[in-house]
Amino acid sequence: MKIDMIGISKSFGNNHVLRDVDFHLGSAEVHALMGENGAGKSTLMNILTGLINSDSGTILVDDQEVHFNGPKDAEEHGISFIHQEMNNFGEMTVLENMFLNNEVKNKWGIVDEKTMRTAALKIFKTLHINYDLNEIIGNLSIGAQQMIEISKAMMSDAKVIIMDEPTAALTNSEITSLFTTVNNLKAQGVSFIYISHRVEENMKIADKITIMRDGHTVDESLISDNSVEKIVTNMVGRDIGDFYPERHVHAGKKVLSVSHFESEGKFHDINFTVEAGEILGFSGLMGSGRTEVMRAIFGVDHRNAGDLLINDKKVKITSPSDAIQHGIGFVTENRKDEGLILDFSVSENIIMPSLKDLVKKYFIDEKVKDDFVNLLVKRLTIKTEGTDINAGSLSGGNQQKVVLAKWIGAGSNILILDEPTRGVDVGAKREIYDLINELTDRGVAIIMVSSDLPEILAMSDRIAVMYEGQMMAIVDNSHHVTESDIMTLATGGKMND
Amino acid sequence: MTNTDREQKVVKEVKDKKVLQKLSGLGPVLALIVLALITTVMNPSFLDPNNLLNLLRQVSINGLIAFGMTFVILTGGIDLSVGAILALTSALSAMMITSGVPTLIAMLIGIIFGGLLGGLNGLLITKGGAAPFIASLATMTIFRGATYVFTDGNPITSKVMNDSFIFQFIGRGYFFGIPVPVIIMLISFLILYMLLHKMTFGRKTYALGGNEKAAFVSGIKVNLTKTWIYVISGIMSSAAGMILISRLSSAQPDAGTGFEMDAIAAVVLGGTSLAGGRGRIFGTLIGALIIGTLNNGMNLIGISSFYQQIVKGIVIIIAVLIDRRKKV
């Protein structure tokens, strides 16, 4: 199926979100749609699936003009949208989820499980996947849940599948199998509109790319004519130089030592140290225990054994408040869940770990508080219309800066960053990298957990790699370390010398 | 679209939102004024200073409990045991006074005991991991039962109680023409207002209701803070109990039955979200006054107490509907 969107415009009030946008999707094609947050990608896709109407412009499906009155209508025409937040019912089984509101019933109105089961297994077979249909869907990995979403799309006979940030929560092996599935379906004639912030990933999977900026299409070309630099420049509309800033390593004395950390079923005998001014990258597949180690250091989760030394002194940390007292800060991987209170203001979020410091004679000093918040907002260039608006209304990048402001404000000199640039657009990513460098210049020790290998390689001074709860190696990040070296370690292999 | 267009729009939205927030904060006050006006038109003696002071005194008991409940509800919790705590602690204090313990000390012990009972709720919820509704439902039954066991089902009253000046003064006395319960309510309000809006404890309370996980990761001692909040609720309930036994000259084993509902109603009418994280203690004061005005006004107009309950329920529904519309 071929889709042409021609001259699409859309305004909300005075706000022109789309201006004369063209988008062409060929059949059996993976088409990357890129652009910073607010560029108009979501609006364009919502128009395509009939969720909102455009002010002007036409949509042609196989050269026939169409008007969709909502996602259901689009679905019937073979267009499926797999959203970033999947619409699963976590407590129901795989089968129940696959046929929700679409159940096959016999003539008595009783749900016909056998027919549904056969249909589901048939789809699984074409996708080369296999899951227990009776499993509670919440027990499956995010990657598996995504595969089931794709199965649902295929069940409705989708010819075009739109995927919004499908890999944001996937492990590398899951990404690989997702890509295999995408390529298989492409071979069967299915097209994909693939929305992802990860430039390298788009280079790998897509055939064509459309880049949007401020409601315009700025580029539509074959992926083979592109490079990471070209895509980034097109997206931000200016040359941001190298994607990653230059690192000047100037590690100082050892500030944190983790020794013989143990947590049953999560990780085993973990040892490492971090020096002042150093970035220690933490790599490994999701589920390898990286995040769990960090949570144990910060006292969010308990550990069974192991010592923690700060400046060579043994410390006892059993809760985040202990960790904060010892100068540790923790930017968690799930910003919306543990990092921020979304419907609290920027200011209220920033002061949370520093409440004590704002007190003058029992009461919070409003002026001290305002100065404290304003200084941090300015220093981190958080783009917000005032410190009293809800953190949830900021863009992903600015939300992440609010989380960073919390810990910089709390005076952390050991900062754990778990996936610091996930869901952050390219421009803000670079600002966060610059900020991380600036912090290390001032002697802050940083542990950076990331699934983004180019990021790990570009930013880390040393790289720790975990696999199935074990520390595989800690390597100096010299120029001859490559992505495949890290991947080898992360999948249980040994690195070649 | 230029960036300045977008920025101007956002600025306008933010301004609109702020105005709306300010107005919505005034909603309960407006409702109270309208209610008072209607009552005055129906019966002008509503505005009689004596009636108003009487109204305030009637409000004080529910007010005290509702102040404590505000903290609990702000964390997203609920405390159903407030009425039972009131009964048990006031019976204990009455018993102590009767057996010769100085009134002030007996009442203080009762209030501290109330704090401990609240702390028990807190521990069940934090350490025990019980849902606040279930934990306080269970302790409500236990405390009520304990009161019946302790009093053998009989009211506690004695000459010693009624001869004690302090005992009389707490519930029935006046200070510069203002009923003592009203003064106690206002002082409690001021203290709790400062605690909630000017001190770190208040920020922590809101944070717990806003997102407990994020609060924990930000170094807030979640269990400790929460337990203290239930302690406050217990203290406020037993303090209200002291006023009640003085007003009734006796401690009744079934005292405070259903008080939890009036307290929750006051909090909700005051605009505090049952989901936690959003609300103000000033709203609760107004909420308590709205309920008080309804009761007082309907008595003045001569509406039977059977109908009063229906009207109260309808008012709560209207308040909730308005609140929902505001959010959409």
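Below, read A as the first sequence line, B as the second, and so on, with proteins coming before strands; counting in each chain starts at 1.
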For the atom pair [atom1] ([X]) and [atom2] ([Y]), what is the distance rounded to the nearest 0.5 Å?
X	Y	atom1	atom2	answer
A/Ile341	B/Lys213	CD1	NZ	12.5 Å
A/Ile364	B/Met194	CD1	CE	11.0 Å
B/Ser218	A/Leu340	OG	CG	8.5 Å

**Report entry** Contact class of B/Lys221 relative to chain A, heavy atoms under 4.5 angstrom
**Finding:**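 Interface part for B/Lys221: side chain.
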
Query raised in the report: Side chain, backbone, both or neither: which part of A/Phe363 has an atom under 4.5 Å from a heavy atom of chain B?
Result: both

**Report entry** Heavy-atom pairs under 4.5 Å with chain B, option from A/Asn334, A/Ile324, A/Val300, A/Asp337 with the top count
**Finding:** A/Asp337

**Report entry** Which atom of B/Tyr206 lies closest to which atom of A/Phe344, heavy atoms considered
**Finding:**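 So the two residues come closest at O-CZ, 3.2 Å.
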
Query raised in the report: How far apart are the closest heavy atoms of B/Ala215 and A/Met352, and which atoms are they?
Result: CA-SD, 4.2 Å

Requested in this report: List in chain and number order the residues that pass side-chain contact (heavy atoms from CB on, under 4.5 Å) with B/Thr225, two or more places apart in sequence or in another chain; answer none if no residue qualifies.
Outcome: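 B/Thr225 satisfies side-chain contact (heavy atoms from CB on, under 4.5 Å) with B/Phe201, B/Lys204, B/Leu208, B/Ile220, B/Ile229 once adjacent residues are dropped.
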
Report summary line: Against chain A, residues from residues 63-76 of chain B with at least one heavy atom under 4.5 Å, in numeric order, are none

Report task. Sort by residue number and list every member of residues 405-416 of chain A having a non-hydrogen atom under 4.5 Å from chain B. Result ->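 A/Lys406, A/Trp407, listed by number.
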
Requested in this report: List in chain and number order the residues that pass salt bridge (Lys or Arg N to Asp or Glu O under 4.0 Å) with B/Arg203, two or more places apart in sequence or in another chain; answer none if no residue qualifies.
Outcome: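 B/Arg203: salt bridge (Lys or Arg N to Asp or Glu O under 4.0 Å) contacts with A/Glu348.
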
Query raised in the report: Between A/Phe298 and B/Val217, is any pair of side-chain heavy atoms under 4.5 Å apart?
Result: yes

